[in-house]
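Computed from a prediction, not measured in an experiment: that's the story for all the values here. Chain letters run A, B, ... following the sequence lines, proteins first and then strands; every chain starts at 1.
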Amino acid sequence: MTASAAAKIKRQAAPAESADRPALLLDWYDRHRRRLPWRPLAGERADPYRVWLSEIMLQQTGVKTVGPYFEKFVARWPDVAALGRASVDDVLRMWAGLGYYSRARNLHACAVAVLRDHGGIFPDTEGGLRQLPGIGPYTAKAIAAIAFDIRTMPVDGNIERVVSRLYAVEEPLPQAKPRIQELAATLLGPARAGDSAQALMDIGSSICTPKKPACALCPLNEDCAARLLGDQETFPRKAPKKSGDLRRGAAFIVTRGDELLVRTRPEKGLLGGMTEVPGSEWLAGQDDKEALKQAPALTAISRWHRKTGVVTHVFTHFPLELVVYAATVPARTRPPDGMRWVPIATLADEALPNVMRKAIAHGLDI
DNA sequence: GAAACGTGGAC
DNA sequence: TGTCCAAGTTT
């Protein structure tokens, strides 16, 4: 067999090997990368603090949502030392509305640990990063690659989708995670690991989208297995997820002049450490009358006024329906144990999750 | 390994 | 309108 014949057979047998995917990826990134608040200009060194902060905020949260929060945080706390000296309550207040509030606690705990145990300098290894609160396997790899140019491939939801399509991975998620991690790592070149990962993320978010991917624009389209099958949208395979049962409860809006009665939720669990108005438990199959029995014990209240309609909210694992009861009490009425009065005018500064903002708006007719 | 953990946007 | 998805971690 001649050399050219052998080469032809090889091309046909293994087209994936004919393209230098890592180089294609980096070329594409240099021309099309998104400009984002936490990304340095091309060629500039990444700031580990900004990389870390953005990675924590971006966990299960969209780029567009994170933008304003990221700007607020870096304006108030320009480096990890400043954040480490802040109070958890201040951090929680700034985080309010972003969701997944344990991230905010872990963010603060991480800043404190970096300050106390590492002299205010982030560890520059994957293993060192992994030890810090709020930094799991993905985030450790992401910071290592993006901030420290360590040759490792973080795999997020975007990269999972891109890689599962590129190789037409039939195994469903989450079982396929180890396999996808391996395949993703083959897209790493000899250098610029962070840019390789961010190239895949950008492609995943703007080209290799969940619905109707724009394959014509993809630098890896020539030997994408899913595209060759004409089956792009069906990857990644995943088992259907079950939604939780509807839970019901009551929220109690008690006003004393221009002040509102609130309390702080326990540190652990749903909306941990956040501010709320007093309320009943949230249970499946609970009715209004049952929920009203759990109203705060205030003898000054002569009657509850049930507001028309309900407040609905959807959490990750269950939908919620809240009925709202309102009442007013005289000036100088003492708050029940564990509760406090806050001026309605300063509610914007409270660590109020969105479900509570909805309930308060409904109860106050705002 | 599965379940808990927020919220908003897109279709 | 309901469903899916978004730079996952913790228990």
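Note on A:Pro137: only backbone sugar-phosphate atoms sit closer than 4.0 angstrom, heavy atoms only; bases stay farther off. Across all strands, A:Val66 comes closer than 4.0 Å to no nucleic acid atom at all (heavy-atom distances). Backbone-only contact: A:Gly269 has heavy atoms under 4.0 Å from sugar-phosphate atoms and none from a base. Across all strands shown, A:Leu98 has heavy atoms under 4.0 Å from base atoms, whether or not it also approaches the sugar-phosphate. Contact annotation for A:Trp52: no contact, since no heavy-atom pair falls under 4.0 Å across all strands. Using a 4.0 Å heavy-atom distance criterion, A:Arg34 is classed as a base contact. Nucleic acid contact class of A:Arg105 (heavy atoms, under 4.0 Å, all strands): none. Counting non-hydrogen atoms under 4.0 angstrom, A:Ser54 reaches nothing in the nucleic acid. Contacts of A:Pro154 with the nucleic acid, taken as non-hydrogen atoms under 4.0 Å apart, are absent. Using a 4.0 Å heavy-atom cutoff across all strands shown, A:Gly97 reaches sugar-phosphate atoms only and no base atom.
Between the C1' atom of C:dG8 and the NZ atom of A:Lys141 lies a distance of 14 Å, rounded to the nearest Å. Rounded to a whole Å, the CZ atom of A:Arg161 is 8 Å from the C1' atom of C:dC5. Straight-line distance from the CD atom of A:Glu160 to the P atom of C:dC4: 16 Å, rounded to whole Å. Put simply, OH on A:Tyr69 is 20 Å from P on C:dA6, counting in whole angstrom units. The distance between atom CG of A:Asn106 and atom P of B:dC5, rounded to the nearest whole Å, is 15 Å. Taking atom CG on A:Leu173 and atom C1' on B:dG1, their separation rounds to 14 Å, with Å as the unit. Atom NZ of A:Lys238 is separated from atom P of C:dA6 by 6 Å (rounded to the nearest Å). Summarising the geometry, the separation between CD1 on A:Ile143 and C1' on C:dG8 is reported as 12 Å, rounded to the nearest angstrom.
In this model, the phosphate group of C:dG8 is approached by a side-chain N or O of A:Gln60 to a distance below 4.0 Å at OP1 or OP2. Note on A:His313: a side-chain N or O is less than 4.0 Å away from OP1 or OP2 of B:dT7. Proximity of A:His317 to the phosphate of B:dA4: no side-chain N or O atom is located under 4.0 Å from OP1 or OP2. For B:dG6, neither phosphate oxygen OP1 nor OP2 lies less than 4.0 angstrom from any side-chain nitrogen or oxygen of A:Thr61.
Side-chain proximity of A:Val355 to the nucleotides C:dG8, C:dT10, B:dT7 is greatest for B:dT7. Closest contact between the side chain of A:Lys64 and the listed nucleotides C:dG8, B:dA10, B:dT7 involves B:dA10. Of the listed nucleotides (C:dC5, B:dG8, C:dT9), B:dG8 has the atom at the smallest distance from the side chain of A:Asn354.
Below 30°, between 30° and 60°, or above 60°: for A:Trp52 and A:Phe122 the angle between ring planes is between 30° and 60°, a tilted geometry.
Both the sub-6.0 Å distance and the 45° axial angle are not jointly satisfied by A:Arg103 relative to the ring of A:Tyr69. Both the sub-6.0 Å distance and the 45° axial angle are not jointly satisfied by A:Arg76 relative to the ring of A:Phe73.
For A:Tyr100 and B:dG6, a side-chain-to-base donor-acceptor distance below 3.5 Å is present, hydrogens and geometry of angles not being considered. On a pure distance criterion of 3.5 Å, a polar donor-acceptor pair joins the side chain of A:Thr316 and the base of B:dG6. Scanning atom types as modelled, no donor and acceptor separated by under 3.5 angstrom connect the side chain of A:Thr65 and the base of B:dG9.
Residues A:Val66 and A:Trp95 are members of one and the same hydrophobic cluster, defined by side-chain heavy-atom contacts under 4.5 angstrom among Ile, Leu, Val, Met, Phe, Trp and Tyr.
Straight-line distance between the C1' atoms of B:dG1 and C:dT10: roughly 13 Å, to the nearest whole Å. Comparing C:dC5 with B:dG6, their C1' atoms sit 14 Å apart, to the nearest whole Å.
Here the side chain of A:Arg265 pairs no donor or acceptor atom with the backbone of A:Glu276 at under 3.5 angstrom. Put simply, the side chain of A:Arg165 gets close to the backbone of A:Phe235: a donor and an acceptor are under 3.5 Å apart.
Ion pair A:Asp223/A:Arg21 flagged as a salt bridge, since at least one NZ, NE, NH1 or NH2 atom sits closer than 4.0 Å to an Asp/Glu carboxylate oxygen.
Of the two residues contacting DNA chain C, namely A:Ile135 and A:Ser205, the nearest-nucleotide position lying further toward the 5' end is that of A:Ser205. A residue-by-residue look at A:Phe318 and A:Gln175 shows that A:Gln175 has its nearest nucleotide of DNA chain B further toward the 5' end.
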